[in-house]
Structures are given as C-alpha cells and as structure tokens.
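The figures here come from the full heavy-atom set of this structure, side chains too, leaving out hydrogens, waters and symmetry mates. Here the structure is a predicted model, which is why all the values come from computation and not from measurement. In this chain, residues are counted from 1 in sequence order.
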Amino acid sequence: MIIDSQGRLKEIFTKAYGLQDDNVKVVFEDSTGNLWLALDRGISKIEYVSQLSIYDDRTNLSGNVQTVIRHNKGLYAGTTRGLFFLASPHRFRPAAGILSNCWSLLSIEDSLLAATSDGVFQVGNKNKNNIKLIDYPSYVLLQSHKDKKRIWVGTREGLVSLYLHSQDKNGHWAEEHKFEDITQEIRTIVEDKKGNLWLGIQTEGVLKVDFPGSGTIINYKVTQYDASNGLPPSQEVKVFRTADHVMFATEKGIYRFIEGKERFIPDTALGNEFAGGENGRGVFRIVEEKKKNIWLHSLSRNFQAIHQPDGTFDLYKKPFLRLPDAQVNAIYPDPVEDTVWFASNDGLIRYDTTVKKKYDYDFPTLIRRVWVNGNLVFDGYKLDNDPQ
C-alpha cells in the first residue's frame with residue numbers, strides 16, 4: 001500500500017495488479033525510484049516513478065482498446081468488448097447498453113457519440129438511456145469545422161452525416177444525409193481547409209468529396225484516386241490532417257496531394273524515413289497535439305515528432321521503446337492532463353509528459369578476466385599489496 005504524507009491511501013498493488021504474491025516481506029526503493037518487493041513467492045519490481053502506466057484486464061478494462069476520449073472531465077475507452085469509463089483512479093466500469101466493438105468516440109459539449117459495430121449511439125446521461133442514431137456498423141466520427149452542428153460518419157456502407165437541429169430541444173443528433181453514391185467501407189475521414197472531405201477506404205486508394213455549396217450538401221462531387229495518381233498500388237490509405245495539410249498514410253510511407261496536378265508525391269514533413277516510396281516506412285496512425293508536436297504509430301513502434309521553430313520535426317522515441325510490441329489503434333493527447341493515451345491491442349497506455357526520466361546512466365565496469373580463442377590474455381589487475 002502507498003500512502004501520502006497525510007496518511008491518505010493512494011494506491012494498492014496486489015496479485016490482481018500483477019504481483020506474484022500479496023505477502024510483502026521487504027520493500028526497497030532503488031536510486032531511480034523503482035520499488036523492489038521481497039515476497040513469500042519471488043521478487044516483484046514496480047516502476048512506480050514512471051512515465052508509463054497500463055490499464056487492462058487488471059483494471060477491469062477488457063478487450064482490445066480501439067479508441068479513448070475525455071468527456072466532461074471523465075475518461076472513456078472503446079474496446080472490442082464495448083464502452084468503458086474510468087470510475088476510479090485504477091478501475092474502469094462498463095457503460096450500460098454498449099457491448100459491441102466500439103471503434104470511435106466523439107465529444108461535443110454535453111454530447112458523447114460512439115461508433116460501434118451495432119451502429120452509432122448518443123450516450124445518455126450517467127451512461128444510461130442511449131439513443132441509436134445509425135443502425136449499421138460505423139467506424140469513425142468527425143465533427144465538421146465548417147459547420148459545428150454536423151458530424152461526418154464513416155460506416156460499412158459508406159458516408160453519412162448527422163446534424164444537430166436547433167429546434168430539437170433534447171439536443172439529439174439525427175441522420176441528415178446518406179451519400180448513396182459512396183458505398184465503400186470508410187475507416188478514416190479528414191476535412192481540408194476548404195471544407196472538402198478525404199475518405200480512407202478499405203479498398204485501394206482514397207475518395208475526395210468536393211462541396212461547391214457553402215454549408216450545404218448539394219451538387220457535391222466524388223473523385224477516387226489510386227495508383228494512377230501516384231499512390232502505391234493495392235494499398236489501403238489512411239487519411240490524417242497534421243502539419244497544416246492532409247497526410248495520406250500507407251504501408252509504403254506518407255504521401256501528400258498536389259492541388260491542380262491531381263498527383264500524390266512523397267511527404268517529407270516528418271523526415272525521409274517516413275516519406276512515401278519503395279523504401280518508405282509504413283505508418284498506421286498520425287495525430288497532432290495543441291503544441292504542434294505530432295504522434296505517430298509505425299510498424300508496432302511509437303514516435304513523437306517534436307515541432308521545431310524552423311518548421312521541421314525532431315523524432316523522439318526512447319520512452320516508447322518500453323511499450324508492448326502491439327498495434328496502437330488510436331493516439332489521444334489529453335486536453336485536460338499533460339498526458340498522451342495509446343489505445344492498443346494490449347491495453348490502454350498512459351504516458352505522463354510531466355515525469356522526467358533519465359535513460360542514460362553511467363555505471364562502473366570491472367573486467368576480471370579476458371579470454372581470446374580459448375587463451376587467457378588478462379587475469380585481472382594486481383596491486384603491489386594484493387595477496388597472491
């Protein structure tokens with residue numbers, strides 16, 4: 001048990017949390033703040049002063065974590081087992097009524113929306129009385145920056161928009177428009193500076209939806225781009241808006257679109273390592289935070305691209321090498337705390353940016369003996385007064 005200076009209980013670590021045994025004989029704190037516990041059965045180490053902490057089955061968060069969001073100061077996580085909320089510092093509870101795979105969450109003022117395999121729900125107050133808005137499987141939610149009352153929804157059957165009508169006194173969202181000419185499964189959506197949409201689809205290439213009318217869904221134009229426009233062939237493309245433009249992430253790296261030429265070229269904004277091309281490093285997720293730093297998940301590894309005054313980015317990865325070698329489905333910079341959340345197949349991982357950790361330590365090395373090809377060439381250094 002860990003208590004503060006006033007004797008108030010802060011945390012309890014038990015077998016349920018991962019200890020081999022609950023009977024702790026001795027506690028030792030090392031020079032880096034780690035706790036070593038001598039138990040009835042073995043030894044356990046707790047990295048107590050750590051930037052990283054994990055929420056999983058031990059904290060009642062079950063399933064692969066797909067998404068995470070802050071809503072009305074509470075923390076919600078969507079997993080393959082449904083929707084959960086953080087009820088106490090180390091314990092999640094399921095949100096009533098949402099039990100299927102929860103792919104995406106969106107918080108708009110007092111509204112929390114969940115895109116699930118059973119459709120889109122508006123989560124009710126106190127996680128009760130949920131309202132179903134869409135009946136078919138849905139994967140991504142995006143609030144329009146052109147019209148804050150509109151939400152774009154990527155579903156298994158194409159693109160749908162929801163709208164919050166002012167005359168709706170209950171504040172319920174309702175389906176506004178279903179794009180009948182877009183039938184592909186949509187997994188990612190971004191809105192560019194002009195209010196046009198880019199859609200990441202399960203099949204090859206991407207879709208662009210141009211809206212000539214201001215704030216209305218009329219006379220729109222749908223264009224599909226693929227390998228003939230410079231994208232890698234037979235590749236799913238995911239779309240993200242970062243570094244003041246739309247990025248197109250593929251297994252061959254990141255691309256950007258050249259307006260007017262209708263072509264995609266390798267995007268070097270995050271460095272040549274991630275630029276699209278035959279030797280480009282595959283990228284799965286990209287997110288920009290309020291400080292203009294960019295977080296990305298690539299080949300089961302996580303990176304922070306730190307924004308520099310000249311507009312370039314420096315890559316930082318050392319703290320994240322400790323994370324499990326597992327797919328990260330969403331990266332969420334917390335707007336309330338100085339933390340970043342990684343929703344992964346191995347649980348929900350919290351990265352505390354306020355904890356400063358030294359990763360490079362000097363340590364003394366004593367070489368006692370050296371053998372080369374079976375021959376002893378050094379048998380230790382002997383002082384004059386050493387016993388023979």
Side-chain angles (χ1 to χ4, degrees), residues 54-71 74-87 91-108 111-124 127-143 151-162 173 175 178 182-190 199-203 236-240 249 284-287 297 300 324 326-332 341-350:
I54 300 178
Y55 298 80
D56 52 23
D57 288 324
R58 296 169 295 179
T59 57
N60 201 36
L61 184 62
S62 59
N64 297 344
V65 186
Q66 303 288 341
T67 181
V68 59
I69 202 166
R70 183 74 66 176
H71 176 65
L75 189 76
Y76 288 77
T79 81
T80 51
R81 301 290 183 86
L83 179 62
F84 295 79
F85 66 96
L86 189 62
R91 185 63 56 179
F92 275 87
R93 289 177 55 189
I98 299 180
L99 304 176
S100 63
N101 198 332
C102 184
W103 297 95
S104 178
L105 295 170
L106 180 63
S107 174
I108 303 177
S111 297
L112 175 64
L113 287 86
T116 77
S117 295
D118 288 336
V120 175
F121 294 85
Q122 183 173 343
V123 180
N127 303 304
K128 297 180 180 179
N129 303 319
N130 302 324
I131 301 171
K132 180 178 277 193
L133 306 175
I134 294 177
D135 287 328
Y136 32 88
S138 302
Y139 304 107
V140 59
L141 302 165
L142 176 71
Q143 183 182 20
I151 295 174
W152 304 111
V153 186
T155 79
R156 188 178 64 184
E157 301 178 13
L159 180 65
V160 176
S161 66
L162 301 175
W173 295 81
E175 183 172 324
K178 188 176 189 299
I182 300 177
T183 58
Q184 295 95 326
E185 185 175 298
I186 299 170
R187 292 299 183 109
T188 53
I189 303 175
V190 295
L199 311 177
I201 54 180
Q202 284 292 87
T203 54
E236 178 187 358
V237 180
K238 298 176 176 63
V239 293
F240 307 96
F284 188 70
R285 287 288 181 265
I286 309 174
V287 174
H297 181 68
S300 298
Q327 177 174 295
V328 168
N329 303 301
I331 304 173
Y332 181 64
W341 299 90
F342 298 87
S344 83
N345 287 352
D346 275 0
L348 179 61
I349 300 165
R350 180 178 183 267

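Note that CG of Leu86 and CZ of Phe92 are 4.5 Å apart. Values are rounded to the nearest 0.5 Å. Phe84 contributes atom CZ, which lies 9.5 Å from atom OG1 of Thr59 (distance to the nearest 0.5 angstrom). Once rounded to the nearest 0.5 Å, the distance linking CD1 of Ile54 with CZ of Arg350 reads 13.0 Å. Note: Glu157 CD to Glu185 CD = 10.0 Å, rounded to the nearest 0.5 Å. One finds the CG atom of Leu105 at 9.5 Å from the OG atom of Ser107 (value rounded to the nearest 0.5 Å). Taking CG of Asn101 as the start and CG of Leu83 as the end, the distance is 11.5 Å to the nearest 0.5 Å.
Annotation for Val123 and Ala114: closest pair CG2-CB, 4.4 Å, computed over non-hydrogen atoms. Residues Ala77 and Leu61 approach most closely at CB-CD1, 4.2 Å, considering heavy atoms. Scanning all heavy atoms of the two residues, the minimum distance from Ala87 to Arg93 falls at CB-CD, 3.4 Å. Nearest approach of Gln184 to Thr203, heavy atoms of both residues: CG-OG1, 4.0 Å. Of all the heavy atoms in Pro137 and Ser117, the pair that sits closest is CG-O, 3.3 Å. Contact record, Ile286 with Ala249: CD1-CB, 4.2 Å, taken as the closest heavy-atom pair.
The shortest distance between side-chain heavy atoms of Leu112 and Ile69 falls below 4.5 Å. Contact check for Ile131 versus Trp173: no side-chain heavy atoms found under the 4.5 Å cut-off. Proximity of Tyr332 to Arg70: side-chain heavy atoms (C-beta onward) are separated by under 4.5 Å at one or more points. Looking only at side-chain heavy atoms (C-beta outward), Ile151 and Ile108 come within less than 4.5 Å of each other. With a 4.5 Å cut-off on side-chain heavy atoms, Thr188 and Val239 count as touching. Under the 4.5 Å side-chain criterion, counting only non-hydrogen atoms from C-beta, Gln202 is in contact with Arg187.
Looking only at distances, no side-chain donor or acceptor of Asp118 sits under 3.5 Å from a matching main-chain atom of Ile98. Panel note: side chain Ser100, backbone Thr116; no donor-acceptor pair is recorded below 3.5 Å.
Partners of Ile134 under the side-chain contact (heavy atoms from CB on, under 4.5 Å) rule, at least two apart in sequence or in another chain, are Val120, Tyr136, Ser138, Val153, Val160, Leu162, Glu175. Under the salt bridge (Lys or Arg N to Asp or Glu O under 4.0 Å) criterion, Arg285 pairs with no residue at all, not counting sequence neighbours. Partners of Tyr139 by ring-ring contact (aromatic ring centres under 6.0 Å, His included), not counting sequence neighbours, listed by chain and number: Trp103. Residues forming a side-chain contact (heavy atoms from CB on, under 4.5 Å) with Asp346 (at least two apart in sequence, or on another chain): Pro324, Ala326, Ser344. Applying the side-chain contact (heavy atoms from CB on, under 4.5 Å) criterion to Asn329, with sequence neighbours excluded, gives Gln66, Phe284, Gln327, Asn345. Annotation: salt bridge (Lys or Arg N to Asp or Glu O under 4.0 Å) contacts of Asp56 (sequence neighbours excluded): Arg58.
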task = Check the pair Ile349, Val65 against side-chain contact (heavy atoms from CB on, under 4.5 Å), reporting the backbone distance first and the verdict last.
result = CA-CA 10 Å; Ile349 300 165; Val65 186; over 6 Å; no

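Ring geometry, Tyr55 versus Trp341: the interplanar angle falls from 30° to 60°, so the pair is classed tilted.
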